[in-house]
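One structure is given here, and the rest of the page talks about it.
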Amino acid sequence: MDMNEESSEARKLKCGDTSKCFELLESILDGEVDNSKEMLKEKLAKCQPCFEHFHLEQAIRDVLKNKCTKQAVPNELADSIRRQIQEIK
Amino acid sequence: MSEVQRRKYSQEEKNGIFDGEFMPHIDSMYNFAYRLTFDEDDAKDLVQDTYLKAYRFINSFEKGTNAKAWLFRILKNSFINEYRRKSKQPAKVDYQEVETYYNSDDVDYQSTSDMRADSVKDMLGDEISNALNSLAVDFRTVIILCDLEGFTYEEMSKILDIPIGTVRSRLHRARNLLKEKLQGYAKNMGYNTDEEE
Ligand SMILES: [Zn+2]
């Protein structure tokens, strides 16, 4: 999605219903809305608060998904689990 | 889970399910456990206990269904029932956070942050992790499940035993709290958080 490039000149600066819009945008980002592409495109092209909110929310999700430090799983954990399962079999 | 279970799977089938459907999730399980307990040994114990329980109750698992969600639910319940109490580092609960945000599914979806997407993108992994870890456990949990593990609202609702509306509102609040923390970091680091007015 290359919506960063679009000019914001045509966007209105006040959102008609922030609460409803933002809830919808967040659901879309979480993958909970089907066929959201067209609706999303239109919304983001028309409304500056929605546009900004969407990109901030998207950035938050992206950094969480891609940058959140992962803890290395201790090597012996899987073996130790299998050993204990053997004992209760 | 009931103690009395029908015998459904043969020993061979049990082994197949355990190795083929349960064990592949050990990385995610450990990461979840570590972010709940903040302690390597507690996380190991918690994951181990979860797998032992999963094996013991394997007959109540439908082969081919969502094993990851099933395992996460067991882990979450074990954490609440056992580890939360004895944890070396008790879960940091910011009571004000919880009280202010906890009691209703109604959320006003307003923007609470003047943070900019670009300053979020510049953040380091450690900053993100620290901000996430500083959230109260219920808020931390929904973010882990949704953003780190990719569960749907419906799956989260089953894992956490809460309605989907609560999942949605809790997530929204959790992300707002996270934004506040990140914004604090951003200001300290001198990232630009000013609004272009
Ligand atoms: Zn709008």
Side-chain angles (χ1 to χ4, degrees), chain A residues 1 3-4 8 13-34 44 47-89, chain B residues 11 14-15 18-19 22-23 26-31 33-35 40-41 43-44 47-48 50-52 55-56 107-111 113 115-132 143-144 146-148 150 152-154 164 168-169 171-172 175 178-179 182 195:
Chain A
M1 279 187 285
M3 283 169 287
N4 273 314
S8 63
L13 295 174
K14 273 219 156 74
C15 182
D17 189 347
T18 327
S19 202
K20 214 170 135 204
C21 282
F22 287 8
E23 182 178 354
L24 179 66
L25 291 173
E26 288 173 33
S27 296
I28 289 173
L29 279 167
D30 288 335
E32 298 287 326
V33 181
D34 294 330
L44 297 191
C47 179
Q48 186 65 20
C50 279
F51 181 86
E52 281 171 15
H53 186 74
F54 182 82
H55 286 98
L56 177 58
E57 288 286 322
Q58 187 174 49
I60 297 269
R61 284 162 182 72
D62 287 348
V63 292
L64 281 167
K65 193 162 195 290
N66 300 319
K67 287 193 187 173
C68 232
T69 331
K70 285 227 155 63
Q71 202 66 21
V73 183
N75 290 326
E76 76 286 359
L77 182 58
D79 288 342
S80 146
I81 290 170
R82 283 182 215 281
R83 219 170 23 246
Q84 292 192 47
I85 298 291
Q86 280 305 323
E87 283 167 21
I88 62 170
K89 261 179 196 170
Chain B
Q11 189 59 54
K14 283 185 189 175
N15 294 345
F18 196 84
D19 287 333
F22 292 177
M23 286 308 269
I26 194 166
D27 289 16
S28 295
M29 298 277 282
Y30 182 76
N31 267 289
Y34 187 82
R35 285 196 187 275
E40 278 182 38
D41 290 329
K44 271 192 326 204
V47 171
Q48 206 151 274
T50 303
Y51 273 103
L52 292 180
Y55 188 81
R56 209 169 287 140
V107 182
D108 197 7
Y109 281 80
Q110 301 292 326
S111 194
S113 174
M115 190 156 189
R116 305 188 63 81
D118 285 341
S119 60
V120 175
K121 287 177 194 158
D122 289 338
M123 299 249 157
L124 304 172
D126 281 352
E127 292 170 334
I128 312 289
S129 275
N130 289 341
L132 176 59
I143 288 189
I144 295 168
C146 186
D147 293 320
L148 276 58
T152 64
Y153 292 177
E154 196 184 345
I164 287 183
R168 187 198 306 273
S169 58
L171 254 177
H172 176 77
R175 293 205 181 97
L178 188 77
K179 270 180 249 172
L182 290 176
E195 284 275 42

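Reminder, nothing fancy here: chain letters follow the sequence lines and each chain counts from 1. The structure displayed is predicted, hence computed values, not measured ones.
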When every non-hydrogen atom of A/H55 is compared with those of B/A117, the smallest separation belongs to O-CB, 3.4 Å
Honestly, the part of B/I143 sitting under 4.5 Å from a heavy atom of chain A is side chain
Among A/R61, A/K20, A/K65, A/E57, the residue with the most heavy-atom pairs under 4.5 Å to chain B is A/R61
Margin query: Would you say that B/K179 contacts A/L56 through its side chain, given a criterion of any heavy-atom pair below 4.5 Å between the two side chains?
Written below: yes
A/V73 and B/V47, any side-chain heavy atoms less than 4.5 Å apart | no
ask   = Does B/Y51 reach the side chain of A/L77, with side-chain heavy atoms less than 4.5 Å apart?
value = no
So, the part of A/E23 with a heavy atom under 4.5 Å from chain B: the answer is both
Pair count under 4.5 Å, heavy atoms only, with chain B: among A/P49, A/S27, A/G31, highest is A/S27
Highest number of heavy-atom pairs under 4.5 Å with chain B among A/S19, A/A59, A/C15 belongs to A/S19
If you tally heavy-atom pairs under 4.5 Å between each of B/D126, B/L182, B/N130 and chain A, the highest tally belongs to B/D126
Answer yes or no: is there an ion pair linking B/K44 with A/E76, defined by an N-O contact shorter than 4.0 Å?
-> yes
ask   = Does any N or O in the side chain of B/N31 come within less than 3.5 Å of the main-chain N or O of A/Q71, such that one atom is a donor and the other an acceptor?
value = yes
Heavy-atom neighbours of A/D79 CG exceed 12 at 6.0 Å
yes
Turns out that what part of B/L132 lies under 4.5 Å from chain A's heavy atoms comes down to side chain
With chain A, the option among B/G150, B/S129, B/A33 that has the most non-hydrogen atom pairs under 4.5 Å is B/S129
If one checks every heavy atom of A/L64 against chain B at 4.5 Å, the contacting part turns out to be both
Under 4.5 Å to a heavy atom of chain A? For B/Y153 that would be both
CD (A/E26) and NE2 (B/H172) are apart, to the nearest 0.5 Å, by 5.0 Å
Would a 4.5 Å heavy-atom cut-off, applied to side chains only, mark A/D62 and B/K121 as touching?
no
Nearest heavy-atom contact between B/Y30 and A/P74 is CZ-CD, 3.4 Å
Would you call B/E127 and A/K67 a side-chain contact if the rule is heavy atoms closer than 4.5 Å? no
Okay, B/D118 and chain A: the region with an atom under 4.5 Å from a heavy atom over there is neither
Of all heavy-atom pairs linking B/V120 and A/V63, the shortest is O-CG1, 3.5 Å
